[in-house]
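Reading through the structure tokens given below for one structure.
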Amino acid sequence: MSARDGVGTLGRRQRFENSEFTVRIYPGALAEGAIYCPISARKTTTAAEAIEHVIERLQLNRTKCYVLAEVKEFGGEEWILNPSDCPVQRMMLWPRVALEHRPLSGGEDYRFLLRQKNLDGSIHYGGSLQMWLQVTEERRRMVERGLLPQPESQGDHADLCRLPELNECSLLDNLRSRFRQEKIYTYVGSILIVINPFKFLPIYNPKYVKMYDNHTLGDLEPHIYAVADVAYHTMLQRQRNQCIVISGESGSGKTQSTNFLIHHLTALSQKGFASGVEQIILGAGPVLEAFGNAKTAHNNNSSRFGKFIQVNYQERGTVRGAYVEKYLLEKSRLVYQEHNERNYHVFYYLLAGASEEERTAFHLKKPEEYHYLSQDCFTVEGEDLKHDFERLQLAMEMVGFLPATRKQIFSLLSAILHLGNICYKRKTYRDDSIDICNPEVLPVVSELLEVKEEMLFEALTTRKTVTVGEKLIVPYKLAEAGTVRDSMAKSLYSALFDWIVFRINHALINIKDLEDTTKILSIGVLDIFGFEDYENNSFEQFCINFANERLQHYFNQHIFKLEQEEYRAEGISWRNIDYIDNTGCINLISKKPTALFHLLDEECNFPQATNQTLLDKFKRQHEGSSYIDFPAVMEPAFIIRHYAGKVKYGVKDFREKNTDHMRPDIVALLKSSKNAFICGLIGIDPSATFRWAILRAYFRALVAFREAGKRQIQKKTGKLRHCTEVPLGVNTYTEKYSDKPPETLHKGTDSEVVSHHQHYQSTSDSHLQHLLNVKSLKYLSNLTLHDRITKSLLHLHKKKKPPSISAQFQASLNKLMETLGQSEPYFVKCIRSNAEKLPLRFNDNLVLRQLRYTGMLETVRIRQSGYNIKYSFKDFVHHFCVLLPEGTRATREGIQQCLGQLDLKPDGYQVGRTMVFLREAERQRLQALLHREVLRLIVMLQRQFRAQLERKQFVRMREAAICIQRAWRLWLHRRCKACLVIQTAWRCHQARQAYLRLCGAVVQLQAMSRGYLTGQENMSPPCSPDLTLDRGFRDLKENKEPSPKVKRRRSVKISSVTVESAHRQNDALQILTCTNDYRSMNDFLMKKVPTNMHDGEFNVFWCFIFQPCPVEEHNGHIFRSTQYSIPTYCEFCSSLIWMMDRAYWSLLCTCVFMHVHSTYCICVYKQFDPELSSRQFGVEVSRLTNDERTVPLVVEKLINYIEMHGLYTEGIYRKSGSTNKIKELKQGLDTDVDSMNLDDYNIHVIASVFKQWLRDLPNPLMTFELYEEFIRAMGLKDKKEMIRGVYSVIDQLSRTHLNTLERLIFHLVRIALQEDTNRMSANALAIVFAPCILRCPDTIDPLQSVQDISKTTACVELIICEQMKKYKVRLKDINTLEFAENKAKCRLTLIRRSMVKSDYIITKKNMFGEKKCFNFCLCREELTFEMLTLESRASDDETLESEASIGTADSSENLNVDSEGTVSDFSGMS
């Protein structure tokens, strides 16, 4: 490290040692009303010294002993500091959130507490800290609401008029004391003094907005919100315009104070009906700051222009419009900055926050590579340029700038920066001509400005002079060329700034403001550049300081002159107070014919004038004036004695900056631009520019539609030819599509016209209020008629000579003073606390200098001795009518008599001829009396009202008691009668029941006896025992374990058990009378059970067979039931009902074969468990399933609805539905699945919600754990090995995931089978659903996951295709089985018809046929289920073998059936 670095480090360490910090010490119960006491301390300040400061500040009892305790956890252990410990050093070890005092982030856990020490050395805590903080917070709220008086000030005064001793020392001490307590606001009557702390204080949140609502000045602590609130309510009460004038030096916080005022005024307006104007007003601030503020030596966010924001209100207090007036933008800053200063903020925002695409389009570089930005510093401590650029983009969007407009603005800013990089050099072979050093910059500038490169080169290097009869082209000199270049850049930026202000005003305008008869109430906020005194002061500082002279004169007029004149007019006793009058300085600068501005304009009209001639003219005219002086040495400068002190101005560039003309050829160059935005900036009349733009847009649209029609006709005839003609308006057309080849230009124009039209329709509603029209443009042009600085300077070809900048500036100031004169002013005086911009540092000399030149001591004196509160007689009686006796009239004698009866000081008020004058203390005393009297009357009204309420309550209670007694007596009377009635009915009922039981027993006994006798008579001989019973049970027990296919039956169960009724028998065969009958029936049933049926299916089958088969007799006919199973859809829930879910029962009459049908539906649609159905999206599949429902209800419901209504919809899963409808349906399904009616939504919305459910799964259906297994299987080269590998991985899925995946794949197969109609192939479905069901885990490299997309899509497509093949094969097999089953049933019917009771052979054939039909049903069920299961399809060889075996079996069985049928036929014939 060098010695210089060591000296720098030592200096920084010394500054750190001497830096002051604010330490907050919480006194607790030792000081009521104070939550904490802030003190200033250095790093070396001890705990004893800090305690001494607290005792002095809070005026504690010095006879007691105090200690300082440190707490690092709220309510935790306290660490007592020794007297020699340093609190600042302990505080620097705290976390950052604690140092910034952020309660929500845990900052309140760290604090210093003041404790009292007892005589024995113990610590007196005096209660819980948490309880004390709660009580203190409640007390503060009571004070804010006015229910408790304000606490007495401890050592300082919130209003300087209350100082007991008035001098500069007491004034400064009071402000310093409040500043160290972080109280930066102080009143001087109605004037607010603001000391910039250079630190953000937490006193501007919405809580403070509500706190200061509808309070008078002085009720609460001074705040800028109080001034805004008083101005707002005064405007509504008096129906007069108000204005708030903010003044102060550069860096005193005027811009920030303006922002706080605007925020509070809009917040007050939003209490009622809020419109979008408030958002536009709030968004206009950041836009104007970005384009008009810059870093200076005194301020990091200095306003380099003045602005007057006038907020217009309706009569009920809501904002209806606004208007922004700007004053004198400092254009010279664009091309030159002093030391430690920067250019305008927007350039740095753009270079730091632009995207890569924007950087390429705008040719952006680093700030160091631009001449206009590389003159000094680049960064400001603590700023985030990217965040500021995003904030600027958002603010421009709030104001109404469209994305295309923002791009044009940023493109122009880049052009200005590149224009500054153009350098000149003299040509070697000619002395009087110049050339451009870096010609590579010209194409960039011409592209951004959209002008021809040749014209740009000529305009920057030569000038055209028109003489009598000829036209001369003269090259610029080297110095002149740089001036022309800078003048062009400054004019472009100034025109852009004027255009932005104009568009903001157009967005803020209200239609009602255009009508002359509409009454406007407004509050104006003036934020104008502060008084400036730099090392080198030029024309800009001269104009700025003149504006401050006018404002100070306006302040003096209202505070001193007008008020004292009013006292004399009212005839009250008053002694005049002298004040500094700056009228002479204002006349020196602006009063014709010898004013400095007037002399400057004269010199600008002489071509041979120089800086020295201008200075000599100043000397001749004002050498003896007391307000101007000239340096003793020969220096081109003069000194003005302002109200704030002497300022020396250099006359260099005064004349150039006063005119700052741009050459006509430069204007012609810019007007030739193809960019309509740049042409609009140059136009002098906005309404004329707007008319021309409408006309051009009309013809361009006409030509575009005509060309589109021609191309459409040529497309229909098949003769598309490219048009070689150049239509009208081709500049804009080719400008937009210049980057496209001709063939794509003709192809895409029609669709782009339609898309632009649709985009306009979608955005027209949101930006309808920002559309331009001629009426509003004329209105705004008339408002800014006095401000034509940029526009007039761009049109030198006009016959009338354009006014100078000084003349325009004086006209703007005159209009401003006229506006302020028509309003009731409120003054906010901003003061800079220190010149180093250090937080919470109070520089006594700097603050005292500002207090002196603002005349604050005289202001306090006139406010203290004067009567700043004035009421007319009528207003006074109306306002204080509660305190005055009844019948008091608004006369001088009556009011004076009433004031004499009140407890007021005699010198605190005076009654004039038409008004009552009060001092601030007396007004507050009257307000306190009025408040107490109003509270007393309120309490009295409450007492009377409550007594009335209690009386009504007593009367109601008495009436209710009488009513209850009457009802009770009536109830007792009726009860006696009711008992007898109840007893009679009960006994009758018991007797009736005993009789019915006896009759029932007798009838049952008779029936049993008759049945027994009938059975004995009709008993048939016993059949021979059947030895196959034991074999049947043995076969069942020896059945093998079920196949893996059967084990995986976890999804929707498909059962198709069809039981045909047995052959018709007579009545005698229906009664089982012995063991042999039961044995025969058991053997018959065992033959029907398949040998490969496992235990669960056997139980189901057995229970189904043994269902009671009711026999009904009606009108002599005997009916039996026959059950058939038919798959269909449920009429109630629209879900698919598989086999055995819907049954048809047919009663077959044994006499006449008449069929009577009755239908009932058994739907498997069941409700979820409420615990599981509370949420459907974003939860595990296992939470949505149970043993009864293997597939989530929401999946089943959505798939069933899509299969019923959207199977043939084109692009069912490719097209997306409405976003709002998707959110609505998703929320409804997530809340209650059962109650949602899917008929109310589009099929694409339902499909989108189904895809959303799959995407929201925490673990996808094909699980994160098996993702790499699927990818590995897809990497196999052999197709069969790949299929086998994928299905082996699928078998590893969990039960819940596999069930849902099987249902989903079956659904996708059904969708893909209808590809000809819905245009959804297996590949399209895989592309849509692969990201939903086969997602990569977060642990995988993103690049690898992108490379795996093709594999995941191919995997899902493979599964769908394999299942489609399997579906088709199984469907063919099922059709074959159904055909064989129907054929077997037909033959079985023939057998039954030819049955004879004693024919044993035919009975055996019948049983064999029934068994065969049953086997067909089971096979069909197995095949139907296999259509859902996810397993690899057998190879071709295996398929052929299985089909051959099935065909052989079928043929053998057919042969058997045929032979048996032949036998049966022959037996029937015999």
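Values below: all heavy atoms of this structure, side chains included; hydrogens, waters and symmetry mates excluded.
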Could you measure the distance from the CD atom of Glu330 to the NZ atom of Lys657? Nearest 0.5 Å is fine.
7.5 Å
Give a yes or no on this: more than 12 heavy atoms of other residues, nucleotides or ligands lie within 6.0 Å of atom NZ of Lys407.
no
State yes or no: are the ring centers of Phe305 and Phe497 separated by less than 6.0 Å?
yes
Say whether, by atom type as modelled, one donor and one acceptor occur between the side chain of Gln541 and the main chain of Ser538 under 3.5 angstrom.
yes
Are any non-hydrogen side-chain atoms of Leu350 and Leu417 less than 4.5 angstrom apart?
no
I'd like to know if the side chain of Asn536 reaches the main chain of Gly650, judged simply by a donor and an acceptor atom lying under 3.5 Å from each other, with no hydrogens or angles considered.
no
Around atom CD of Glu356, are there more than 12 heavy atoms of other residues, nucleotides or ligands at under 6.0 Å?
no
Close side-chain approach of Leu329 to Tyr344, heavy-atom, < 4.5 Å
yes
Exactly one candidate in Tyr493, Phe362, Phe291 meets ring-ring contact (aromatic ring centres under 6.0 Å, His included) with Phe347; the answer is Tyr493
Inter-residue atom distance Leu334.CG - Ser494.OG, 0.5 Å rounding:
10.0 Å
For the CG atom on Asn205, are there more than 12 heavy atoms of other groups (residues, nucleotides or ligands in this structure) within a distance under 6.0 Å?
yes
Can you establish whether the number of heavy atoms outside Arg406 located under 6.0 Å from its atom CZ is more than 12?
yes
Check the orientation of Tyr349 and His345. Use parallel for under 30°, tilted for 30 to 60°, and perpendicular for over 60°.
parallel
Parallel, tilted or perpendicular for Phe260 and Tyr204, by the 30°/60° rule?
parallel
Examine Phe809 together with Phe539 and report whether their ring centres are nearer than 6.0 Å.
no
Are any of the side-chain heavy atoms of Leu351 and Phe389 separated by less than 4.5 Å?
no
Check the pair Leu265, Ile281 against side chain to side chain contact (heavy atoms under 4.5 Å, CB included), reporting the backbone distance first and the verdict last.
CA-CA 10 Å; Leu265 290 175; Ile281 294 175; over 6 Å; no
Side chain to side chain contact (heavy atoms under 4.5 Å, CB included) for Val194 and Ile246? Distances and angles first, verdict last.
CA-CA 10 Å; Val194 185; Ile246 304 176; over 6 Å; no
Could you tell me whether Arg304 and Glu540 make a salt bridge, using a distance below 4.0 angstrom between a side-chain N and a carboxylate O?
no
Write down the atom of Lys365, the atom of Tyr370, and the distance for their closest heavy-atom approach.
N-OH, 2.9 Å
Looking at Tyr372, is its backbone amide N or carbonyl O close enough to the side chain of Gln337 to form a donor-acceptor pair, meaning the two atoms are under 3.5 Å apart?
yes
Closer than 3.5 angstrom, by distance alone: can the side chain of Lys254 be matched with the main-chain N or O of Glu249 as a donor-acceptor pair?
yes
Using a strict threshold of under 4.0 Å (side-chain N to carboxylate O), is an ion pair present between Asp527 and Lys307?
yes
I'd like to check Ile244 versus Val828 (side-chain heavy atoms, cut-off strictly below 4.5 Å). Are they in contact?
yes
Between atom NE2 of His418 and atom CG of Asn438, what is the distance when rounded to the nearest 0.5 Å?
11.5 Å
Among side-chain atoms of Tyr348 and Asn343, is any donor-acceptor pair under 3.5 angstrom?
no
Could Glu383 and Arg342 be called an ion pair, given the rule that one side-chain N must be under 4.0 Å from one carboxylate O?
yes
To the nearest 0.5 Å, what is the distance between CD on Glu836 and CG on Asn843?
6.5 Å
How far apart are the C-alpha atoms of Ser672 and Met455, what are their side-chain angles, what is the distance that settles it, and do they pass the side chain to side chain contact (heavy atoms under 4.5 Å, CB included) test?
CA-CA 9 Å; Ser672 67; Met455 295 181 61; 3.8 Å; yes
Shortest non-hydrogen contact from Lys295 toward Lys837:
NZ-NZ, 4.4 Å
Within the side chain of Ser257, is there an N or O that forms a donor-acceptor pair under 3.5 Å with the backbone of Gly253?
yes
Looking only at atom types and distance, does a side-chain atom of Asp435 sit under 3.5 Å from a main-chain N or O of Lys425, one as donor and one as acceptor?
no
Quick one: does Phe677's side chain get under 4.5 Å of Ile409's, heavy atoms only?
yes
Taking atom types as modelled and ignoring hydrogens, do the side chains of Thr255 and Glu289 form a donor-acceptor contact shorter than 3.5 angstrom?
no
Main-chain N/O of Gln393 paired to Glu397 side chain as donor or acceptor, under 3.5 Å
no
How many angstroms lie between atom CG of Leu442 and atom CG of Leu460, to the nearest 0.5 angstrom?
7.0 Å
Could you grab the distance from atom CG of Asp486 to atom OG of Ser491, nearest 0.5 Å is fine?
10.5 Å
Mark yes or no for whether Asn675, through its side chain, and Glu450, through its backbone, hold a donor-acceptor pair below 3.5 Å.
no
A quick test of your reading: do over 12 heavy atoms of other residues, nucleotides or ligands sit less than 6.0 Å from CD of Glu440?
yes
Flag if over 12 foreign heavy atoms under 6.0 Å of CD, Glu368
yes
Expected output: side-chain Ser414 to main-chain Phe410 donor-acceptor under 3.5 Å
no
Using a 4.5 Å cut-off on heavy atoms from C-beta on, say whether the side chain of Glu447 contacts that of His363.
yes
I'd like to know if the side chain of Tyr327 reaches the main chain of Ile544, judged simply by a donor and an acceptor atom lying under 3.5 Å from each other, with no hydrogens or angles considered.
no
